[in-house]
Amino acid sequence: MPVNELSPHEHSRTFYAFLGVGRLRDGVTVQSAQAEMMAIAKQLQRQYGIVGRDLSANVVPLTEIAVGNVRPILLMLLGGAGLLLLIACVNVASLLLVRSESRRREIAVRGALGATRARMVQQFLTEGLLLAAIGDIAGVIVAAGLMRLLANLIPKDMASNMPFLGGVGLNAHTGAFAAVVALLAALLLAITPALRLSFQKVRDGLADGDRGAVGLLWRRLGANLVVVELAIAVVLLAGAGLLGQSFYRLLHVPLGFEAAHLATVRVMAPGTAYKSDEQTTGLFRDIGRRISSLPGVESTGLTSMLPVECDCPTDRIQFPGRPFHGEHNEVNERHVSAEYLPTLKVRLVRGRFFAETDDASKPGVALINQALARKYFPGHDPVGQRIADDEGGRESVWEIVGVIEDFREGPLDTNILPTEYFPLSQTRDHSFSLAVRTSQDAGALLPALVSALRQIDPNLGVSDEATMDEKIGTTQAALLHRFSAWLVSGFAAMALTLGVVGLYGVIAYAVSQRTREIGVRMAMGAQRSSVYALIIRQALWLTVTGLAIGLVCSIGASMLIRKLLFGVEVWDAFTLGGVAFLLMLASMAASFLPARRAASVNPVEALRAE
């Protein structure tokens with residue numbers, strides 16, 4: 001719509017804030033543009049004699065507007081994916097190193113036949129590149145499907161405010177990134193066995209005399225790698241636990257109203273058909289009467305904006321009779337019908353609710369929440385006091401007739417702000433939302449709700465029909481916390497699996513290398529329980545070491561994601577204790593089979609094999 005077709009509100013220079021998009025000239029920084037815009041704002045303020053409030057301007061890069069709110073979660077997910085990739089590479093490198101030990105004689109023979117060190121390193125590079133390429137291609141295919149799945153999970157109205165989603169998918173950038181990751185992984189997979197085998201002496205490889213030393217070397221190296229894997233798994237598990245707790249507490253934060261059995265719908269009345277106050281008020285009454293007659297409906301209310309949506313729009317208020325020195329008294333503003341707050345089951349603290357008689361022919365009245373009363377009327381009863389604003393582009397004075405209990409008008413993860421409420425029949429809004437309390441399933445009422453509104457006036461714009469529970473679950477705060485918790489939990493589950501597999505591999509390899517030792521111990525009278533304890537003790541030592549390092553690192557990592565946490569501390573004892581218990585349980589399960597195999601060794605067969 002042409003911007004010069006202004007509403008009554010927009011005729012006031014100080015009522016609305018506008019957004020603009022501009023392209024900076026070459027060499028102009030954001031800081032210099034900010035300074036120039038502030039100077040223009042001050043010049044306009046002097047030119048038009050605006051007093052009592054300061055005009056200002058804020059210049060930020062468009063990319064900050066697009067991804068600023070979700071940058072922390074994007075960086076966190078990138079970090080989690082990087083840690084998981086590191087675990088995977090360490091695990092595969094460990095497997096290749098074990099495999100390379102069995103190829104020592106083969107490599108030695110190749111060297112004896114004239115193969116150069118460069119030729120053997122090239123062979124390992126080829127094998128590593130092949131493994132990395134296969135994994136990379138498979139990963140890209142899976143990622144493409146998961147990206148589409150995640151994008152479809154975001155509600156359409158929220159996706160419309162996330163323009164960066166249009167660039168998510170397979171393209172030249174993601175392809176190049178995947179190729180670089182594959183190359184780095186190939187180098188890691190190749191260097192690990194190459195450093196171990198390509199520079200060994202041919203005579204040592206052909207002989208079996210250093211077999212014990214090789215086993216000892218691998219047990220030490222493999223143990224260190226497993227400690228690294230377990231520590232990373234602890235970091236991801238702790239992050240998943242903290243984010244999961246945050247999401248749970250976010251959805252169970254006190255709302256201040258009863259969200260169950262509430263059906264909602266957005267309504268837009270054409271201004272050409274409802275020009276006068278009488279016509280608009282008549283529409284409100286028709287809607288309330290018709291919807292209340294539907295089966296199962298207990299009460300119906302109208303509001304300019306439903307709860308848990310945003311701390312907007314805001315109003316700047318003054319207090320007649322008090323000295324004013326340009327203070328910025330900004331509060332949330334809502335326009336509601338007489339039945340709206342009772343429909344939400346919001347508690348009245350003092351005074352009264354709005355009545356049907358509070359229409360445009362009567363003096364303006366207002367309700368305020370406790371947050372506004374505490375901030376602007378400390379130690380006083382606000383009922384009977386007055387507030388003033390520029391409602392409708394003109395100065396208006398409203399008498400406070402009641403104070404209601406605080407409830408969440410803004411996002412779930414923000415504090416409740418001071419809020420004022422005006423009668424909808426005194427503000428004449430053409431765009432409003434309907435909240436309907438029903439004794440039945442709220443979702444089942446939505447089709448009948450839309451049909452009834454169409455019957456009242458086919459020209460009404462009806463949209464966004466949903467239950468209040470659905471609206472709460474699909475708010476931006478809830479979705480960001482849900483996605484971050486799910487994705488990091490997936491990373492953590494894979495990290496734990498890989499870490500436990502790595503621990504199993506190290507313990508199993510150690511048992512295979514110590515078969516003769518275990519046979520000697522049992523031949524000399526060692527009990528099976530002591531063999532169990534020997535193997536479990538080794539696994540326990542690796543687990544405790546990895547757990548200790550991981551817990552320290554997890555607190556540091558949690559400090560980086562503290563902006564994504566809600567109602568939980570980064571050092572939450574319950575979460576860290578749960579992670580420790582889970583890791584210990586998984587580690588003991590991983591070491592049980594090797595311990596059982598060791599305890600089942602027949603001393604005679606073990607010594608004969610040696």
Distance-only side-chain donor-acceptor flag, [X] / [Y], under 3.5 Å:
| X | Y | answer |
| --- | --- | --- |
| D572 | Q245 | yes |
| E339 | S299 | no |
| D429 | S431 | no |
| T427 | H335 | yes |
| S433 | R266 | yes |
| T300 | R289 | no |

[Y] and [X], any side-chain heavy atoms less than 4.5 Å apart:
| X | Y | result |
| --- | --- | --- |
| T303 | L341 | no |
| S56 | M37 | no |
| Q385 | E399 | no |
| L236 | L83 | yes |
| L412 | V308 | yes |
| V450 | L453 | no |
| E569 | R562 | no |
| D464 | V265 | no |

When rounded to the nearest 0.5 angstrom, what is the spacing between [atom1] in [X] and [atom2] in [Y]?
| X | Y | atom1 | atom2 | answer |
| --- | --- | --- | --- | --- |
| M468 | L262 | CE | CG | 5.5 Å |
| N58 | L19 | CG | CG | 10.5 Å |
| L547 | F581 | CG | CZ | 12.5 Å |
| R249 | H252 | CZ | NE2 | 11.5 Å |
| R285 | L302 | CZ | CG | 12.5 Å |
| E409 | L306 | CD | CG | 9.0 Å |

Other residues, nucleotides, ligands: >12 heavy atoms within 6.0 Å of [X] [atom1]:
| X | atom1 | result |
| --- | --- | --- |
| M38 | CE | yes |
| K42 | NZ | yes |
| F483 | CZ | yes |

### Task
Show your working on side-chain contact (heavy atoms from CB on, under 4.5 Å) between L564 and M76 and close with a plain yes or no.
CA-CA 9 Å; L564 297 174; M76 179 200 65; 3.6 Å; yes
Using only atom types and a distance under 3.5 Å, with no angle test, would you say the side chain of [X] pairs donor to acceptor with the backbone of [Y]?
| X | Y | result |
| --- | --- | --- |
| E64 | P61 | no |
| S451 | P447 | no |
| R386 | G321 | no |
| S554 | L551 | yes |
| R482 | G473 | yes |
| T475 | K471 | no |
| S304 | R334 | no |
| Q34 | A57 | yes |
| T575 | A573 | no |
| E333 | P313 | no |

Between [X] and [Y], what is the shortest heavy-atom contact and its length?
| X | Y | answer |
| --- | --- | --- |
| G364 | Q426 | CA-OE1, 3.4 Å |
| L242 | S558 | CD1-OG, 3.1 Å |
| L294 | A452 | CD1-CB, 4.3 Å |
| R408 | P307 | O-CB, 3.3 Å |
| D406 | A371 | OD1-N, 2.9 Å |
| E298 | S439 | OE2-CB, 3.3 Å |

### Query
Hey, is D358 close enough to R352 for a salt bridge, meaning N to O under 4.0 Å?
yes
#### Entry: Evaluation steps, side-chain contact (heavy atoms from CB on, under 4.5 Å), between V331 and T314
CA-CA 5 Å; V331 299; T314 59; over 6 Å; no
### Task
Evaluate the side-chain contact (heavy atoms from CB on, under 4.5 Å) criterion for residues E405 and Q370: first the C-alpha distance (whole Å), next the side-chain angles of each, then the deciding distance (0.1 Å), finally the verdict.
CA-CA 6 Å; E405 194 173 50; Q370 289 177 302; 3.4 Å; yes
### Message
Please verify the inter-ring angle class for F407 with Y421; under 30° counts as parallel, over 60° as perpendicular, anything in between as tilted.
### Response
parallel
### Query
Which of parallel (below 30°), tilted (30 to 60°) and perpendicular (above 60°) describes F422 and W398?
parallel
### Task
List the steps, then state whether side chain to side chain donor-acceptor pair (under 3.5 Å) holds for D469 with T467.
CA-CA 5 Å; D469 288 332; T467 67; 5.3 Å; no
### Task
Is it possible for you to check whether R322 lies under 6.0 Å from the centre of the six-membered ring of F377, through NZ or CZ, and within 45° of that ring's axis?
yes
### Query
So, do F566 and F247 have ring centers that fall under 6.0 Å from each other?
no
### Task
Apply the test side-chain contact (heavy atoms from CB on, under 4.5 Å) to residues N369 and E420: give CA-CA distance (whole Å), side-chain angles for both, the deciding distance (0.1 Å), then the verdict.
CA-CA 7 Å; N369 66 352; E420 62 186 6; over 6 Å; no
### Query
Run the salt bridge (Lys or Arg N to Asp or Glu O under 4.0 Å) check on R316 and D389 step by step: do they pass?
CA-CA 6 Å; R316 187 170 181 176; D389 65 354; over 6 Å; no
### Summary
In Y274, Y340, F432, the residue satisfying ring-ring contact (aromatic ring centres under 6.0 Å, His included) with F284 is F432
